[in-house]
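Every chain is numbered from 1, with letters handed out A, B, ... down the list of sequences. Bear in mind that the values here come from a model prediction, so they are computed numbers and not experimental data.
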Protein chains: 2
Amino acid sequence: MRISELSRRSGVPVATIKYYLREELLPKGEATSATQAVYSDAHLRRLRLIRALVEGAEAPLAKIRTILEAIDDTGIDLHRLLGTVQYALTPDTPHNDGPEWREAERSTDELLARLGWRVSPLSPARHQLTRTIVTLARVGYQVDPQTLDLYAEAVHTAAEHDVGRVDPAAPREQVVEYVAAMTALMDQALVSLHRLAQEDVSARRLRGGADC
Amino acid sequence: MRISELSRRSGVPVATIKYYLREELLPKGEATSATQAVYSDAHLRRLRLIRALVEGAEAPLAKIRTILEAIDDTGIDLHRLLGTVQYALTPDTPHNDGPEWREAERSTDELLARLGWRVSPLSPARHQLTRTIVTLARVGYQVDPQTLDLYAEAVHTAAEHDVGRVDPAAPREQVVEYVAAMTALMDQALVSLHRLAQEDVSARRLRGGADC
DNA sequence: TAGTTTTGGAGAGTAGTACTATCCAAAACA
DNA sequence: TGTTTTGGATAGTACTACTCTCCAAAACTA
């Protein structure tokens, strides 16, 4: 198909498709002349994945490029792919170094030790958790170990399910796209549901006269 | 304290503090002359909250202003405050209308009916969940009811805990700040832990030869 | 065949966001 | 008295993801 049809079928404007071509997020179409090219279903699929990462994960384009390269790397193992997606989705934030940072870091380390989770010391999510603990402490809310344990147990169930759905019998292309999409987007489902749950509990407990 | 001390104690540059004053995120200090003012501990606390929302929740300043106004509204009930924070944190995204949207919307509605959660039809998190389901469907991953049920159960436990920590005996100012901070920031803790859990499960199941 | 539309490619422009730098007169400090 | 800090105002900056414009070649249509 030509670029206009790709645009129509994907819902992405031609100018944006051209932009993604220039940014090398989307591979070139097959040139049929110096000024013409045709695009395949693979382009449509790739475009949909890009838009999902832009809209659903609010990932910056540079980071999306990293994810796509990992997907296209035929030698990558799935664990590494999952790690690459997580890295890409985690904003670069400054490393702090002070007593409050070290205390929060200790909370994180102790939690992971208690849980026995196999997590790299370099994992960006570690850093993010530490940072969240610091941020909450700064506004007067100490996150205690019981809270962290309870949260951890909850999300581990979800994660078992996420990873359990990886189908070893499916074509590799599908598997890697599933891992990338799941890693990038199920966080958003989790957050949405968390908010819905908060609303439900709040409606029962905090609404009206129940607010002290 | 003067603005330089406020800057030193908060870690926020003077220029940024002035910016927040202009943007009316931060109330004016108490003028001691035409060109001098002093700031209280309340200013320091407010500045920390602003930075927590900027850095921890990645909330746009205009939305932070909305949250702060709700906090300062002495007549607001806590349930409404929680709703206001959630609204503020949810990006405005277009409403779609097509068969795939309606199908996803039905998934969301059925889930909430199954769960019996008290959730407003206008809740932004409803819309976000629907959108996530659509986005995942577009990249080939259908989110089934079992997945949603499992996630929902997990996060409800977390939400019970979140809301259960609201202390009716504490000063109102503290309570409203806790509700706002919790609503805005515990999502990030949840996501961080979800990612750590995924890494753990992936390490067990997907690493190396386990990838088909 | 001629006029119109579409294309790849290149470059410039736009909007939004959150700051950051500069300037100035008045106040505070040493 | 000279230097530093202040409130206030204004302009500038960096980043991000597009979006618009132009042009020559190719494709389409009547």
Side-chain angles (χ1 to χ4, degrees), chain A residues 1-40 43 47-68 88-94, chain B residues 1-40 43 46-47 49-68 88-94:
Chain A
M1 72 186 107
R2 291 187 310 178
I3 197 166
S4 52
E5 189 176 347
L6 183 61
S7 170
R8 186 178 55 72
R9 288 173 69 179
S10 63
V12 183
V14 167
T16 306
I17 295 175
K18 286 186 178 181
Y19 175 62
Y20 292 156
L21 288 163
R22 285 199 300 275
E23 293 290 318
E24 301 191 330
L25 291 175
L26 202 57
K28 293 182 188 298
E30 186 182 330
T32 54
S33 75
T35 66
Q36 296 281 317
V38 290
Y39 300 90
S40 66
H43 286 93
L47 205 42
R48 284 183 173 142
L49 181 58
I50 292 165
R51 293 308 305 169
L53 293 170
V54 169
E55 293 167 3
E58 296 182 3
L61 295 190
K63 296 297 171 72
I64 291 173
R65 190 181 299 113
T66 303
I67 293 171
L68 298 177
L89 295 183
T90 308
D92 298 322
T93 50
Chain B
M1 76 187 103
R2 292 187 311 178
I3 198 166
S4 51
E5 189 177 347
L6 184 60
S7 170
R8 189 179 53 72
R9 287 173 70 178
S10 64
V12 184
V14 168
T16 305
I17 295 175
K18 287 185 178 182
Y19 174 62
Y20 292 157
L21 287 163
R22 286 201 298 280
E23 293 289 320
E24 300 189 330
L25 292 174
L26 202 56
K28 292 181 190 298
E30 185 182 331
T32 54
S33 75
T35 66
Q36 295 282 315
V38 291
Y39 299 91
S40 66
H43 287 93
R46 179 52 52 93
L47 206 43
L49 182 57
I50 292 164
R51 293 307 306 169
L53 293 170
V54 169
E55 293 167 5
E58 295 181 3
L61 295 189
K63 296 297 170 76
I64 292 174
R65 191 182 299 114
T66 303
I67 292 171
L68 298 177
L89 295 182
T90 310
D92 298 322
T93 50

Quick one: [X] [atom1] to [N] [atom2], roughly how many Å, whole number?
X	N	atom1	atom2	value
A:I50	D:dC18	CD1	C1'	14 Å
B:Q36	D:dT4	CD	P	16 Å
A:E23	D:dT16	CD	C1'	10 Å
B:E5	D:dG7	CD	C1'	18 Å
A:I64	D:dC18	CD1	C1'	13 Å
A:K18	D:dC23	NZ	C1'	11 Å
A:M1	D:dA27	CE	P	18 Å

Practice task
Ignoring hydrogens and angles, state whether a donor on the side chain of B:Y20 or B:R51 is under 3.5 Å from an acceptor on the partner side chain.
Solution key: yes
Handout entry: Toward the 5' end of DNA chain D, by each residue's nearest nucleotide, A:T32 or A:A15
Key =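 The 5'-side residue here is A:A15.
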Practice task
By nearest nucleotide on DNA chain D, pick out whichever of B:L21 and A:A59 is the more 5' one.
Solution key: B:L21
Distance-minimising heavy-atom pair for [X] and [Y]:
X	Y	answer
A:E58	B:P91	OE2-CG, 3.4 Å
B:L68	B:L25	CD1-O, 3.5 Å
B:V12	B:I17	O-CD1, 3.6 Å
B:I67	B:A88	CG1-CB, 3.6 Å
B:K28	B:H43	O-NE2, 3.3 Å
B:K63	B:D92	NZ-OD2, 3.6 Å

Practice task
Return the angle between end axes of the helix from C:dT1-D:dA30 to C:dA30-D:dT1, with five pairs used per end and rounding to 10°.
Solution key: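 End-to-end axis angle: 0°.
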Problem - Nearest-nucleotide comparison on DNA chain C, the residue closer to the 5′ end among B:S33 and A:I3 - result: A:I3
Problem - Most 5' of A:Y39 and A:R22 on DNA chain C, judged by nearest nucleotide - result: A:Y39
Exercise for the section: Give a yes/no on whether any side-chain N or O of A:R51 is located under 4.0 angstrom from OP1 or OP2 of D:dC18. Expected result: yes
Problem - DNA chain C: 5'-most and 3'-most nucleotides touching chain B, 4.0 angstrom heavy-atom criterion - result: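 So the contact region on DNA chain C extends C:dA18 to C:dA28.
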Exercise for the section: Using a strict 4.0 Å threshold on nitrogen-to-oxygen distance, state whether A:E5 and A:R2 make a salt bridge. Expected result: no
Problem - Salt-bridge contact B:R65-B:E23 (side-chain N to carboxylate O under 4.0 Å) - result: yes
Exercise for the section: Report which part of the nucleic acid B:A37 touches: base, sugar-phosphate, or nothing (heavy-atom distance under 4.0 Å, all strands). Expected result: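 Contact class for B:A37: sugar-phosphate only.
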